[in-house]
Amino acid sequence: MSVVLNFKSHISELFAHALREVAPDQVGATILIERPKQASHGDYACNLAMQLAKPLKKSPRDIAQVLINALPKSDVIEKVEIAGAGFINLFITKAAKQAIVHAVLHAGAGYGHLHLGGGRKVQVEFVSANPTGPLHVGHGRGAAVGDCLCNVLHAAGWNVTREFYYNDAGAQIENLMRSVQLRCKGVTPDDPSWPEAGYRGDYIGDVARAYMACETVEADDQRTTGKGDVDDVVAIRHFAVAYLRREQDLDLRAFNVEFDVFSLESALYSEGKVDETVSRLIASGHTYEQDDALWLRTTDFGDDKDRVMRKSDGGYTYFVPDVAYHLDKWRRGFVRVINEQGADHHSTITRVRAGLQALDVGIPKGWPDYVLHQMVTVLKNGEEVKISKRAGSYVTLRDLIDEVGCDATRYFLAARHPDSQLVFDIDLAKSKSNDNPVYYIQYAHARISTVLDIWGGERLELLQADVGLLDSEYETALLQQLIDYPQVIENAAQDLAPHLVAFYLKDLAAAFHSYYNASRFLVDDEAVKCARLALIAAAAQVMNNGLSLLGVSAPEKM
RNA sequence: GUGCCCAUAGCUCAACCGGAUAGAGCACCAGCCUUCUAAGCUGGGGGUUACAGGUUCGAUUCCUGUUGGGCACACCA
């Protein structure tokens with residue numbers, strides 16, 4: 001019997017065939033195969049007959065019967081039923097389900113890898129914090145969601161580039177430099193002369209101390225040494241950015257997030273890309289001068305008002321280098337770009353897209369894609385935490401990692417739909433109890449590791465297992481979970497929704513825990529033992545694969 | 001005032017792009033360890049999917065409006 005790995009697409013093909021036969025003029029109909037919520041409705045269901053009822057002017061149940069008669073033979077299908085208003089319910093044979101065990105064990109870490117992306121390039125830009133302070137919780141959410149999204153896209157067959165863009169030019173850097181300079185001179189934020197917009201966190205003092213002590217920091221493949229000269233604003237600026245870039249890098253490393261490319265706003269200026277973009281926009285005819293400023297008519301492209309490009313003081317507004325940056329991405333061959341950002345930046349989307357359209361260089365209208373995550377609030381002892389010692393006005397990512405660990409932080413920040421506001425409950429994330437989903441999943445993995453350890457046999461033996469012995473309701477449920485995994489990857493990649501992986505893993509762990517409590521694995525009957533161990537080894541493999549997408553470890557012991 | 005996001009069990013959240021009886025966990029109640037990890041499992045109660053309309057065979061899902069919460073609305077970034 002041939003092994004079918006993706007029942008959904010297999011069944012979909014069967015129906016496509018039947019549709020061509022039964023209603024050749026309706027081949028445009030979308031064939032949707034779904035998993036019914038109720039087991040009595042089969043393993044998969046198709047609603048095609050109901051869709052066709054109107055155009056064919058026949059009752060759905062009649063059409064369903066005709067479709068079923070035209071379905072090609074398939075040895076993975078046990079039976080087909082018509083139910084309800086005209087649903088076609090399909091039942092998969094036990095043997096086909098059981099075969100998943102060997103499929104998983106053979107594929108190993110590759111199980112769940114798909115070819116949806118076809119090796120095409122996609123760039124995901126995320127975090128992109130300004131180098132003006134430690135990363136905060138919001139950046140943490142961006143890092144967790146973005147990194148997990150990259151992993152999911154990679155698993156789905158995309159060639160992923162992770163990119164971090166940092167604004168090392170512009171007003172906020174001047175502000176940073178001035179704040180550090182003041183600290184160098186001994187002025188502190190509680191001084192009345194401290195600028196309203198100045199940065200007040202303790203870390204500014206650290207930067208100042210390091211600069212005055214002529215320390216050397218390494219960041220972005222460069223070594224920068226403090227000059228100790230309080231009047232050299234260029235040196236202070238350079239050092240402060242390098243110092244904070246290094247600090248952010250360390251935070252990211254502690255969070256197990258790595259980037260392939262760092263892009264600098266300042267480079268867009270020094271390489272002439274900003275000027276070129278401005279020239280192109282002027283040439284495009286979408287700009288005009290007014291009040292000593294240069295404007296882009298973004299209203300031509302759906303914005304609610306036009307935007308200033310060049311201020312009356314001669315400087316460019318933020319969105320100009322942003323457009324230049326995205327033009328650069330396009331030219332680097334990224335036909336697909338996804339920007340993961342905090343929702344507080346959503347207003348830039350229209351502007352950037354408008355700017356790119358105005359360039360008229362063939363960039364598609366909706367390019368690039370965006371994933372916006374909503375705000376994070378941090379809770380401890382039932383109360384909102386708003387400050388940290390180091391940063392002052394916000395909770396840092398480092399605080400969370402130090403307090404609850406990398407695994408739990410990543411899990412909680414990635415396990416929610418990005419569109420929903422997130423409450424990060426520190427007490428929950430720290431709790432080593434069954435209300436903590438991270439431990440729940442990891443515990444399942446550790447239990448399997450222990451059982452396999454006690455067994456002590458060679459993994460290769462499991463490949464010989466007679467999986468036909470896996471027949472209980474618990475085993476069937478677990479088999480079904482393993483079968484569903486690739487579909488989860490597909491959905492997560494398509495919807496840019498990495499949280500689906502987190503929910504899936506909870507379900508997978510639940511199916512295993514139930515099985516564990518209901519059955520013994522290390523039984524006397526060699527064949528049964530082997531079959532059961534093969535199944536849980538496969539489950540552990542999928543847990544491993546899924547957890548690695550989340551960037552969460554899969555411990556052998558707990 | 002305008003735009004974007006959200007609203008589902010007491011709490012935290014799901015629901016496979018419109019499907020069949022809306023699901024988990026926590027909390028509450030009642031059970032399960034001389035057995036491979038009880039950080040686990042089994043059972044129970046708990047819902048007008050914020051509200052009001054609309055679209056159709058069928059709506060938590062799509063459309064309109066209302067209410068409530070968040071975010072953004074600079075010649076800031």
Side-chain angles (χ1 to χ4, degrees), chain A residues 8 32-38 40-41 45 47 50-51 53-54 59-60 83-87 89 130 132 167 169-173 175 197 265 290-295 304-305 307-319 321-322 342-350 372-375 377 415-423 425 428 431-440 442-444 446-455 484 487-488 490-492 494-495 497 499-500 502-504 506-507 509-510 512-523 533 536 557-558:
Chain A
K8 223 177 203 178
L32 196 66
I33 308 298
E34 55 189 6
R35 302 272 337 269
K37 285 166 187 158
Q38 262 191 283
S40 64
H41 292 151
N47 66 356
M50 287 141 97
Q51 277 185 63
K54 194 169 258 184
S59 90
F87 290 101
N89 295 337
N130 290 342
T132 53
N167 305 109
Q172 82 287 356
I173 297 296
N175 191 10
E265 184 187 9
Q290 186 182 305
D291 304 330
D292 291 328
L294 180 67
W295 297 69
D304 53 353
K305 55 183 158 186
R307 304 291 167 176
V308 170
M309 293 170 56
R310 191 175 56 229
K311 299 177 278 182
S312 50
D313 70 4
Y316 293 118
T317 54
Y318 169 77
F319 102 99
D322 220 11
D344 51 340
H345 291 96
H346 77 262
S347 60
T348 64
I349 297 176
T350 313
L372 301 180
H373 64 260
Q374 298 289 324
M375 302 256 91
T377 49
R416 247 178 239 345
H417 192 111
D419 276 344
S420 315
Q421 290 173 42
L422 169 64
V423 177
D425 187 334
L428 175 62
S431 77
K432 297 191 171 183
S433 72
N434 48 358
D435 51 353
N436 189 333
V438 187
Y439 287 100
Y440 184 80
Q442 291 182 322
Y443 186 48
R447 274 181 149 179
I448 296 173
S449 298
T450 303
V451 173
L452 292 174
D453 260 11
I454 294 172
W455 169 59
D484 285 341
Q487 188 64 47
V488 172
E490 181 176 335
N491 291 346
Q494 227 135 49
D495 298 353
H499 71 285
L500 295 175
F503 282 101
Y504 165 80
K506 248 192 338 189
D507 292 342
F512 167 74
H513 283 309
S514 290
Y515 182 33
Y516 183 95
N517 276 271
S519 334
R520 261 190 91 69
F521 309 131
L522 300 173
V523 291
L533 292 176
I536 63 170
K557 297 238 180 302
M558 285 175 75

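Per chain, numbering begins at 1; letters A, B, ... match sequence-line order.
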By nearest atom, which of the nucleotides [options] is closest to the [X] side chain?
X        : options             : answer
A/Lys305 : B/A20, B/C73, B/C41 : B/C73
A/Gln38  : B/A77, B/C13, B/U21 : B/U21
A/His499 : B/A15, B/A77, B/C17 : B/A15
A/Gln494 : B/A39, B/C17, B/G70 : B/C17
A/His346 : B/U35, B/U37, B/C71 : B/C71
A/Trp295 : B/A15, B/C75, B/U37 : B/C75
A/Met50  : B/C76, B/U37, B/G19 : B/G19
A/Arg35  : B/C16, B/A20, B/C6  : B/C16
A/Leu32  : B/C17, B/U37, B/A15 : B/C17
A/Tyr443 : B/G40, B/G3, B/U42  : B/G40

State the pairing partner of [N]; accept Watson-Crick or G-U wobble contacts with both distances under 3.5 Å, and report none otherwise.
N     : result
B/A72 : B/U2
B/A14 : none
B/A59 : none

Reckon [X] touches a base, only the sugar-phosphate, or nothing at all at heavy-atom distances under 4.0 Å?
X        : result
A/Ala343 : sugar-phosphate
A/Gln421 : base
A/Asn89  : base
A/Leu294 : nothing
A/Tyr516 : base
A/Leu522 : base
A/Ala446 : base
A/Ala83  : base
A/Asp484 : nothing
A/Ala197 : nothing
A/Ser519 : base
A/Ala169 : sugar-phosphate
A/Thr317 : sugar-phosphate

With a 4.0 Å cutoff (strictly under), does any side-chain N or O of [X] reach OP1 or OP2 of [N]?
X        : N     : answer
A/Arg416 : B/C13 : yes
A/Lys37  : B/A20 : yes
A/Arg447 : B/A38 : yes
A/Tyr440 : B/C41 : yes
A/Ser347 : B/G3  : no

Check for me whether A/Arg447 meets the cation-pi criterion with A/Tyr516, that is, NZ or CZ under 6.0 Å from the six-membered ring centre and within 45 degrees of the ring axis.
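The answer is yes; both the distance and angle limits are met.
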Please compare A/Lys8 and A/Gln290 by the position of their nearest nucleotide in RNA chain B and report the one closer to 5'.
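Whichever sits nearer the 5' end wins; that is A/Lys8.
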Nearest-nucleotide comparison on RNA chain B, the residue closer to the 5′ end among A/Ser420 and A/Lys506:
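The residue closer to the strand's 5' end, by nearest nucleotide, is A/Ser420.
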For nucleotides [N] and [M], find the distance between their [atom1] atoms and express it as a whole number of Å.
N     : M     : atom1 : answer
B/U8  : B/A50 : P     : 6 Å
B/U61 : B/G19 : C1'   : 11 Å
B/A9  : B/U49 : C1'   : 10 Å
B/C13 : B/C17 : P     : 24 Å
B/G23 : B/C63 : C1'   : 27 Å
B/C29 : B/G46 : C1'   : 12 Å
B/U37 : B/G69 : C1'   : 43 Å
B/C51 : B/C75 : P     : 42 Å

Tell me whether A/Phe87 is stacked on the nucleobase of B/A20, counting only the six-membered base ring and applying the 5.5 Å and 30° thresholds.
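One would call A/Phe87 stacked on the B/A20 base.
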A/His345 on top of B/A72's base, within under 5.5 Å and under 30°?
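Stacking between A/His345 and B/A72: absent.
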Could you tell me whether a side-chain N or O of [X] sits under 3.5 Å from a main-chain N or O of [Y], the two making a donor and an acceptor?
X        : Y        : result
A/Asn47  : A/Met50  : no
A/Gln172 : A/Asn167 : yes
A/Trp295 : A/Gln290 : yes

Output the rounded distance in Å from CG (A/Asn167) to C1' (B/C76).
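Result: 11 Å.
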Decide yes or no, distance alone: a donor-acceptor N/O pair under 3.5 angstrom between the base of [N] and the side-chain of [X].
X        : N     : answer
A/Lys54  : B/C57 : no
A/Ser312 : B/C75 : yes
A/Asp507 : B/A15 : no
A/Asp304 : B/G3  : no

Cut-off 3.5 Å, side chains only: do A/Arg416 and A/His373 have a donor facing an acceptor?
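A/His373 and A/Arg416 do not have a side-chain donor-acceptor pair below 3.5 Å.
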What's the base orientation of B/C33: syn (chi within 90° of 0) or anti?
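B/C33: syn glycosidic orientation.
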Mind checking ring-ring contact (aromatic ring centres under 6.0 Å, His included) for A/Tyr504 and listing every partner two or more places apart, or none if nothing turns up?
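Checked A/Tyr504 against ring-ring contact (aromatic ring centres under 6.0 Å, His included); matches are A/Tyr485.
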Given side chain to side chain contact (heavy atoms under 4.5 Å, CB included), test A/Asp453 with A/Lys557 step by step and report yes or no.
CA-CA 10 Å; A/Asp453 260 11; A/Lys557 297 238 180 302; 3.3 Å; yes
